[in-house]
There are 2 protein chains.
Amino acid sequence: MSRVARPAAPRTALSPERIAEAALQLIDDEGLDGFSMRSLGARLGVEAMAIYHHYPSKGHVLDAVMDHLLADWRWPPSGSATALERLRRAMHGYRGIALAHPHAFPLLVGRRFNSPGVFAVYERLLQLFAELGLDAAATARWFRTLGYFVSGAGMADIASREIEPDATSLRLQHAPQSVTLPHVAAVAPHLRVDQLDAVFDFGLETLLSALERQARPPRSARPRVGR
Amino acid sequence: MSRVARPAAPRTALSPERIAEAALQLIDDEGLDGFSMRSLGARLGVEAMAIYHHYPSKGHVLDAVMDHLLADWRWPPSGSATALERLRRAMHGYRGIALAHPHAFPLLVGRRFNSPGVFAVYERLLQLFAELGLDAAATARWFRTLGYFVSGAGMADIASREIEPDATSLRLQHAPQSVTLPHVAAVAPHLRVDQLDAVFDFGLETLLSALERQARPPRSARPRVGR
DNA sequence: ACCTGAACACCGTTCAAGT
DNA sequence: ACCTGAACACCGTTCAAGT
């Protein structure tokens, strides 16, 4: 007690990285509604205002959480397989973020990207389309189309899994009269949560098949404009 | 002054419908962040707590707003065209909700459907797949795949349009070095906001072509299980 | 430089009253 | 039945101090 000057100091010094990690853990544990500057401070053993010394606002903390999520994106090695196979794995990897961080994933869909790190991710993704032989215009169309699909799939997956064990058929039982909804009643068993993996594969393969059909064997992996 | 008993009464009596309409207008005007029970009360000329007499919580008001959004869904008449064409128009109609109510649309993606009215919408949509000759399993896959696409497209559209006039190339100019991101630099012009309509059409037509190729001419528009 | 603590202007919601 | 108004337990953030 006489030797140590600061008795109740936090275990580790506060830093942007430590704050962002704690923020993601807090969102994973408590959901986005349970995340506040005060609850984050409490988890770090610090007053809420201490965070403002490392981030100018709550929004900037959430931007850092988004960077963290993108850093978690499991990505296939560059020369490991065909470009199409690597694109397939990258899309599955993106879905993996939604499955691993269901409470945080909506940040990626709902918030704009403000971090510089996101451009490196874009570059790596667009590289794959170039390797498939797509020009810039086709790349843009496919980049967005696949992005729409995987973002929407992540959000819907999360919403479906939130009700255990089977959202749709549960709600269907609460629906007024199943007899007046014959199509809903017929399709409901195939909308169960245990079908979500297969449905994602189906949609992704449908899109990738169309992409493959449209792509020509590349003469060069480089984009058309000057290197 | 002597004749009228209640001098400062609200122009119209408060009702669930009037509250839901005002809530959607408030979200359209001020965004989801500007929507609160207090600001909604102020817009209705009433104390915030008066709303609780018609809805048990803020979440129930938002559910009513979602119902209102779905009621706005422009839907093609039943016998107006081929089932595929009506499905196409329905998907464009769903996108129209995102374009007309960019601040409210994320409610449809992020919140679960608790209203009974949504089942009628599902039934009408699934009817189209049955008319296309798809069985229940294929209907479920296509229902979700198209839903993923249009939901993701709506969210991305909204995010892209939020920065005027051109999100991506603006941010690209702020990016560290465009020279180290050749693919991003090449594709950026095709990611502009004025391309979003064309990109949505491309993705939707890609999916509908695959659907059409897979569908067989229907023997009956009814689902397989008993009516 | 880094953190605290009070304060301000907000939230959603409960509860007791008013009419 | 319908609405008010005070109150409670929260927010994000500013600002003045502390070390």
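Please read all numbers here as calculations on a predicted model, not as lab measurements. Quick note on labels: first sequence line is chain A, next is B, and so on, each numbered from 1.
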Task: Sub-4.5 Å side-chain heavy-atom contact between B:Leu211 and B:Thr145 - done: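 With C-beta onward as the side chain, the pair stays apart.
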Task: Note, A:Leu146 side chain near A:Leu125 side chain (heavy atom, < 4.5 Å) - done: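 They are not in contact (no side-chain heavy atoms under 4.5 Å apart), so the answer is no.
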- [ ] Check side chain to side chain donor-acceptor pair (under 3.5 Å) between B:Arg141 and all other residues, then give those that pass, not counting sequence neighbours.
- [x]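 For B:Arg141, no residue satisfies side chain to side chain donor-acceptor pair (under 3.5 Å) once neighbours in sequence are set aside.
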Return the polar atom pairs (N/O with N/O) between nucleotides 12-19 of chain D and the protein under 3.5 Å, or none.
residue, atom, partner, partner atom, Å
D:dG12, OP1, A:Met37, N, 3.3
D:dG12, OP1, A:Lys58, NZ, 3.0
D:dG12, OP2, A:Met37, N, 3.0
D:dG12, N7, A:Arg38, NH1, 2.5
D:dG12, O6, A:Arg38, NH2, 3.1
D:dT13, OP2, A:Tyr52, OH, 2.7
D:dT13, OP2, A:Lys58, N, 2.9
D:dT13, O5', A:Tyr52, OH, 3.4

Task: DNA chain D stem ranges, 3 or more consecutive Watson-Crick or G-U pairs under 3.5 angstrom - done: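 Paired runs of 3+ in DNA chain D: C:4-8 with D:12-16, C:12-16 with D:4-8.
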Open item on the list: If the threshold is 4.0 Å, N to carboxylate O, is there a salt bridge linking A:Asp201 and A:Arg88?
Closed with: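 No salt bridge links A:Asp201 with A:Arg88.
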- [ ] Output yes when at least one side-chain N/O atom of B:His54 is less than 4.0 Å from OP1 or OP2 of D:dA1, else no.
- [x]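 So the side-chain polar atoms of B:His54 never come under 4.0 Å of the phosphate oxygens OP1 or OP2 of D:dA1.
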- [ ] Could you state the atom-to-atom distance from NE2 of A:His53 to P of C:dG5 in whole Å?
- [x]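 Distance, rounded to whole Å: 16 Å.
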- [ ] Check the distance between D:dC10's P and A:Glu30's CD and give it to me in whole angstrom.
- [x]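 Atom CD in A:Glu30 sits about 13 Å away from atom P in D:dC10.
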With rounding to the nearest 0.5 Å, note down the distance linking [atom1] in [X] to [atom2] in [Y].
X	Y	atom1	atom2	answer
B:Ile97	B:Leu108	CD1	CG	6.0 Å
B:Asp28	B:Phe35	CG	CZ	12.0 Å
A:Leu87	A:Phe129	CG	CZ	5.0 Å

Task: Test item: side-chain donor near acceptor, B:Asp29 and B:His103, under 3.5 Å - done: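 Side-chain D/A pair, B:Asp29 to B:His103: absent.
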